[in-house]
Number of protein chains: 2
Amino acid sequence: MNIGEVADRSGIPPKTIRYYEDIGLIRPQRSDNGYRAFRETDLHKLAFLGRARALGFSIEDCRVLLSLYEDETRESAQVKAIAEEHLSAIDHKIAQLREMRETLSHLVDACHGDHRPDCPILGELSGALASQG
Amino acid sequence: MNIGEVADRSGIPPKTIRYYEDIGLIRPQRSDNGYRAFRETDLHKLAFLGRARALGFSIEDCRVLLSLYEDETRESAQVKAIAEEHLSAIDHKIAQLREMRETLSHLVDACHGDHRPDCPILGELSGALASQG
DNA sequence: CCTTGAGCTTCCAGTGACTGGAAGCCCTAT
DNA sequence: ATAGGGCTTCCAGTCACTGGAAGCTCAAGG
């Protein structure tokens, strides 16, 4: 398979596939013409990567997950540990975003959004304890 | 004020303050010795930026918000529009993260996390429809 | 007066995970 | 022979910093 077909079948763009080879996540062979020659296993790995990335795992996590996947002597505890750590990072991000959301939605609700300059959003950002508009 | 004092009082590190000057968010004067000389208004702007960044606004949003803040002919609708757009971006991110969280937590729960290699997390990533471990 | 150390300066490079674009080779069809 | 699309490499840009190196300035202590 050439890169275009693998891209279509894995859903990962050619640019990204080349990047993944660059950083050593995959090692496709080469045809005589210099084109990358992908086998089914490469495609499988790319699909794996696509799913792992879709779950928000970092590239480095993906690298480890992929090596565990290929390691028959792995212990599921190793995989679970990575996933749990990632899960708590996600929880942390969600909490941060919710806090932003909370403050911001109050400010948006309080803002008249009209032609006048008075604005509680700018009031808050400028450090006022309370503001109207 | 020198940069160190402004950093302490605004909570923004010197490196970041220099960066903000670099990209034109602030324009501190200079002392004869070449040091940046910050006035209260610069400090105020930096605090404004700190709060806006804490709410997750992008630097470009901050640039616009700051210019609106200084524009007495602004309309609060302009500010509100930016905030609403940002709010919906936050909602979008939260939704994405929640979806990841959902899938991931199920997988983590299903994984025994022991010394055996079988793992539903890797199963899912490798494309299996169901898996045990 | 000299030294020491902290604080300031600039500039360059790296982060994460791609993404865009340029220049140029390869392959197939007409 | 040519036109196009796909492939190659390499370089640069994204976002918002952050780290580090080399070097100047300043205040305090001896």
Side-chain angles (χ1 to χ4, degrees), chain A residues 1-38 42 45-46 48-66 82 85-86 89-90 92-93 96-97 100, chain B residues 1-38 42-43 45-46 48-66 85-86 89-90 92-93 96-97 100:
Chain A
M1 280 178 281
N2 283 348
I3 200 167
E5 186 181 345
V6 180
D8 287 346
R9 288 177 58 186
S10 68
I12 297 174
K15 277 277 187 188
T16 303
I17 296 175
R18 292 192 194 101
Y19 170 70
Y20 285 171
E21 182 187 13
D22 239 39
I23 61 174
L25 285 179
I26 52 167
R27 298 183 194 286
Q29 297 180 318
R30 293 287 175 145
S31 304
D32 290 344
N33 59 12
Y35 287 17
R36 287 169 184 80
F38 296 85
D42 296 314
K45 276 195 194 183
L46 285 168
F48 183 103
L49 289 169
R51 280 183 285 261
R53 294 286 301 128
L55 285 179
F57 285 105
S58 71
I59 289 289
E60 286 317 304
D61 279 350
C62 289
R63 195 189 299 277
V64 177
L65 288 171
L66 207 48
I82 292 170
E85 192 147 346
H86 179 45
I90 287 176
H92 185 66
K93 273 188 201 164
Q96 275 187 326
L97 287 170
M100 288 180 190
Chain B
M1 280 178 280
N2 283 349
I3 201 168
E5 186 181 343
V6 180
D8 287 346
R9 288 176 57 185
S10 69
I12 297 174
K15 276 278 187 188
T16 303
I17 295 175
R18 292 193 195 100
Y19 170 68
Y20 285 171
E21 182 187 13
D22 239 39
I23 63 175
L25 285 180
I26 52 168
R27 296 184 196 288
Q29 297 180 319
R30 293 288 174 145
S31 304
D32 290 344
N33 60 11
Y35 286 18
R36 287 169 185 81
F38 296 84
D42 296 315
L43 178 58
K45 276 196 194 182
L46 285 168
F48 182 104
L49 289 168
R51 281 183 285 261
R53 294 286 301 127
L55 284 179
F57 285 106
S58 72
I59 288 289
E60 285 318 303
D61 279 350
C62 289
R63 195 189 298 279
V64 177
L65 289 171
L66 207 47
E85 192 147 347
H86 180 44
I90 287 176
H92 185 65
K93 273 189 203 164
Q96 275 187 326
L97 287 170
M100 288 180 190

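Naming convention: chains lettered A, B, ... in sequence-line order (proteins, then strands); numbering from 1 in each chain.
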**Message:** Angle between the end axes of the helix from C/dC1-D/dG30 to C/dT30-D/dA1, five pairs per end, to the nearest 10 degrees?
**Reply:** 30°
**Complete:** Expected string for nucleotides 13-26 of chain C under the B/S/- scheme (protein heavy atoms, under 4.0 Å, primed atoms plus P, OP1, OP2 as sugar-phosphate) is ----BBSBB----B
**Fill in**
Taken to the nearest whole Å, CD/A/Glu21 to C1'/D/dC10 is 14 Å
**Asked** Nearest 0.5 Å, what's the CG-CG distance between B/Asp42 and B/Leu25?
**Response** 12.0 Å
**Message:** Just to verify, what does B/Glu5 make a side-chain hydrogen bond (donor to acceptor under 3.5 Å, both in side chains) with, not counting sequence neighbours?
**Reply:** B/Arg9
**Asked** Among all residues two or more places apart in sequence or in another chain, which pass the side chain to side chain contact (heavy atoms under 4.5 Å, CB included) test with B/Asn33?
**Response** B/Ser31, B/Tyr35
**Item:** Residues which pass side chain to side chain contact (heavy atoms under 4.5 Å, CB included) with B/Asp8, listed by chain and number, not counting sequence neighbours
**Value:** none
**Prompt:** Among pairs that include at least one residue of residues 53-62 of chain A, which meet salt bridge (Lys or Arg N to Asp or Glu O under 4.0 Å), considering only residues two or more places apart or in two chains?
**Reply:** A/Glu60-A/Arg63
**Between D/dC7 (C1') and A/Phe38 (CZ): distance, integer Å** = 11 Å
**Request:** Scan B/Arg36 against the nucleic acid and name what it touches under 4.0 Å (heavy atoms): base, sugar-phosphate only, or nothing.
**Result:** sugar-phosphate
**Distance, rounded to the nearest Å, where B/Leu46 contributes CG and D/dA16 contributes P** = 16 Å
**Prompt:** Which distance, rounded to the nearest 0.5 Å, do you find between the CD of A/Gln96 and the NZ of B/Lys93?
**Reply:** 10.5 Å
**Request:** Sequence neighbours left out, what passes ring pair (Phe, Tyr, Trp, His ring centres under 6.0 Å) with B/Phe38? Give chain and number order.
**Result:** none
**Message:** Holding to side chain to side chain contact (heavy atoms under 4.5 Å, CB included), I want the full list of residues that pass it with A/Arg30, two or more places apart in sequence or in another chain.
**Reply:** A/Glu21, A/Arg36
**Prompt:** B/Ile12 has an atom CD1; how far is it from atom P of D/dA16, in whole Å?
**Reply:** 14 Å
**Item:** For DNA chain D, the residues among residues 1-10 of chain B that have a non-hydrogen atom under 4.0 Å from it
**Value:** none
**Asked** For B/Arg18, which residues count as a salt bridge (Lys or Arg N to Asp or Glu O under 4.0 Å) partner, sequence neighbours excluded?
**Response** none
**Trace of the side chain to side chain contact (heavy atoms under 4.5 Å, CB included) decision for B/Ile59 with B/Tyr20** = CA-CA 9 Å; B/Ile59 288 289; B/Tyr20 285 171; 3.6 Å; yes
**Request:** Please examine the side chains of A/Lys45 and A/Leu66, heavy atoms only from C-beta on, and report whether any two atoms are closer than 4.5 Å.
**Result:** yes
**Request:** For B/Arg30 and D/dC24, give me the distance from atom CZ to atom P, rounded to whole Å.
**Result:** 17 Å
